[in-house]
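Inspection log for the structure reproduced underneath, given as structure tokens.
Since we're looking at a predicted model, the values are computed, not measured. Below, all heavy atoms of this structure are taken into account, side chains as well, without hydrogens, waters or symmetry copies.
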Amino acid sequence: MTPPVVVTIAGSDSGGAAGIAADLTTFAALGVHGACVVTAVTAQDTTGVRAVHPVPLDVVAAQLDAVLEDLDPAAVKTGMLATPEVVRLVAERCADRLLVVDPVVVATSGAVLASEEVVRAYREHLLPVATVSTPNAEEHDALGRPDLPTVLVTRGGDIPTTNDHGTGCTHSAALASYLALGDDVPTAAARADAFVARQLLVSQHWRLGRGRGPVAHVHPSTTPTHRGAPA
């Protein structure tokens, strides 16, 4: 059966833990076809964000048009949008679709990733048209604690781990995937919570990087066995 399409509109992560890397691997794991619109290229690792290079608005718009016109995604998921113009673009082009907004304004490392202009654009343009938005507590505060029924404030789980870089991206990508597959918002949110918890358990004792390691984006069918270890 042809899978539904979900498009992520987000930034890259050179460490492979968050952003588009997290979104596309989550989409694949949950059985939807992932498309992407790159809004920014970041230089980051497990210790923090070193640099951010926003993609020009016309290039973001061209990517989005290509996906919307050809693949007709069942759901749209946003991550780092980088500029207020891109925030408004997404609000204008995607308001009539299932729209999961992960307002990436603060990184796991604590780095601030959005200007006050971007935050204002979220509040005035994008959050009001979202099917659901998934800020964490810090992002919710930065956004002025919007009082909207579609805002779902996420929190850390009960799994003790420092390998949680990309958790928010993974959660919102999973939520968008389940919505595309036909779940309602409460069911999709609950299933996304369970998916992230499973993946945190997988990566709980990993040793990747010098800072906050990535939440796992490998799965039982693809997890490699070290040479010489029992399968």
Worksheet item: Ignoring hydrogens and geometry, is there a side-chain-to-backbone donor-acceptor pair from T167 to D164 under 3.5 Å?
Response: yes
Worksheet, complete the sentence: On a heavy-atom basis, the closest approach of P128 and Y122 is CD-O, 3.9 Å
Discussion item. In the structure I gave you, are the side-chain heavy atoms of L126 and L81 within less than 4.5 Å of one another anywhere?
Written reply: yes
Discussion item. Using every non-hydrogen atom in the two residues, find where A40 and V55 come nearest and quote the distance to one decimal.
Written reply: N-CG2, 3.8 Å
Worksheet item: Taking only residues two or more places apart in sequence, or in another chain, which ones meet T150 in a side-chain contact (heavy atoms from CB on, under 4.5 Å)?
Response: L148
Fill in: Closest approach of F27 to S177 (non-hydrogen atoms, all atoms of both residues)
CD2-OG, 3.3 Å
Fill in: Validation row: D45, R50 side chains within 4.5 angstrom (heavy atoms)
yes
Discussion item. Using side-chain heavy atoms (C-beta onward) and a distance below 4.5 Å, is P103 in contact with L143?
Written reply: yes
Worksheet entry | Expected output: side-chain Q63 to main-chain D58 donor-acceptor under 3.5 Å | no
Worksheet item: Roughly how far, to the nearest 0.5 Å, is the CZ atom of R212 from the OG1 atom of T46?
Response: 10.5 Å
Worksheet item: Do D65 and R93 touch side chain to side chain, with heavy atoms closer than 4.5 Å?
Response: yes
Discussion item. Is there a continuous path of hydrophobic side-chain contacts, each under 4.5 Å between heavy atoms, that joins L98 to V5?
Written reply: no
Worksheet item: Do L175 and L200 belong to the same hydrophobic cluster, where Ile, Leu, Val, Met, Phe, Trp and Tyr are linked whenever their side-chain heavy atoms lie under 4.5 Å apart, directly or via other members?
Response: no
Worksheet item: Under a 4.5 Å side-chain heavy-atom rule over Ile, Leu, Val, Met, Phe, Trp and Tyr, are V7 and L89 clustered together?
Response: yes
Can you give the donor-acceptor pairs under 3.5 Å from side chains of residues 9-26 to other protein atoms, not counting sequence neighbours?
residue: S12; atom: OG; partner: T42; partner atom: N; Å: 3.2
residue: D13; atom: OD1; partner: G15; partner atom: N; Å: 2.8
residue: D13; atom: OD2; partner: A17; partner atom: N; Å: 3.0
residue: D13; atom: OD2; partner: A18; partner atom: N; Å: 2.7
residue: S14; atom: OG; partner: Q44; partner atom: N; Å: 2.9
residue: S14; atom: OG; partner: Q44; partner atom: O; Å: 2.8
residue: D23; atom: OD1; partner: K77; partner atom: NZ; Å: 3.0
residue: D23; atom: OD2; partner: T8; partner atom: OG1; Å: 2.5
residue: D23; atom: OD2; partner: K77; partner atom: NZ; Å: 3.0
residue: T25; atom: OG1; partner: A21; partner atom: O; Å: 2.8
residue: T25; atom: OG1; partner: A22; partner atom: O; Å: 3.0
residue: T26; atom: OG1; partner: A22; partner atom: O; Å: 2.8

Worksheet item: Under the salt bridge (charged side-chain N to carboxylate O under 4.0 Å, His left out) rule, what pairs show up with a residue in residues 120-138, not counting sequence neighbours?
Response: E116-R123
Discussion item. So, applying side-chain hydrogen bond (donor to acceptor under 3.5 Å, both in side chains) with H171, which one of D193, N136, D102, T154 is it?
Written reply: D193
Worksheet item: Hey, quick one: are V90 and V101 part of the same hydrophobic cluster, counting side-chain heavy atoms closer than 4.5 Å, chains of contacts allowed?
Response: yes
Practice prompt. In sequence, state the C-alpha distance, the side-chain angles, and the governing distance for D72 and R97, and then conclude on salt bridge (Lys or Arg N to Asp or Glu O under 4.0 Å).
Written response: CA-CA 10 Å; D72 191 25; R97 297 175 187 266; 2.9 Å; yes
Practice prompt. Answer yes or no: is there a side-chain heavy-atom contact under 4.5 Å between L99 and V129?
Written response: yes
Worksheet entry | Heavy-atom closest contact (T39 atom, A82 atom, distance) | O-CB, 4.1 Å
Item to complete: Quick one: pull up CG in L64 and CG in L57 and give me the separation to the nearest 0.5 Å.
Response: 10.5 Å
Item to complete: Determine whether L179 and V185 make a side-chain contact, defined as any pair of heavy atoms from C-beta on separated by less than 4.5 Å.
Response: yes
Worksheet item: Can you find a pair of side-chain heavy atoms, one from S133 and one from L152, that are under 4.5 Å apart?
Response: no
Worksheet item: Can you find a pair of side-chain heavy atoms, one from T187 and one from R191, that are under 4.5 Å apart?
Response: yes
Worksheet item: Would you say the side-chain atoms of Q204 pair up with the backbone N or O of P160, donor to acceptor, closer than 3.5 Å?
Response: yes
Worksheet item: Of all heavy-atom pairs between S172 and V100, which one has the smallest distance, and what is that distance?
Response: O-CG1, 3.8 Å
Worksheet item: Is it the case that one hydrophobic cluster holds both V132 and V151, taking links as side-chain heavy atoms less than 4.5 Å apart, direct or via other members?
Response: no
Response to the item:
Which of V105, V49, V104 passes side-chain contact (heavy atoms from CB on, under 4.5 Å) with M80? Answer is V104
Discussion item. I'd like to know if the side chain of N163 and the backbone of V215 have a donor-acceptor N/O pair within less than 3.5 Å.
Written reply: no
Worksheet item: Which atom names give the shortest non-hydrogen contact between T134 and E139, and what distance separates them?
Response: O-OE1, 4.3 Å
Worksheet entry | Check: T83 side chain, V86 main-chain N or O, donor-acceptor pair, under 3.5 Å | yes
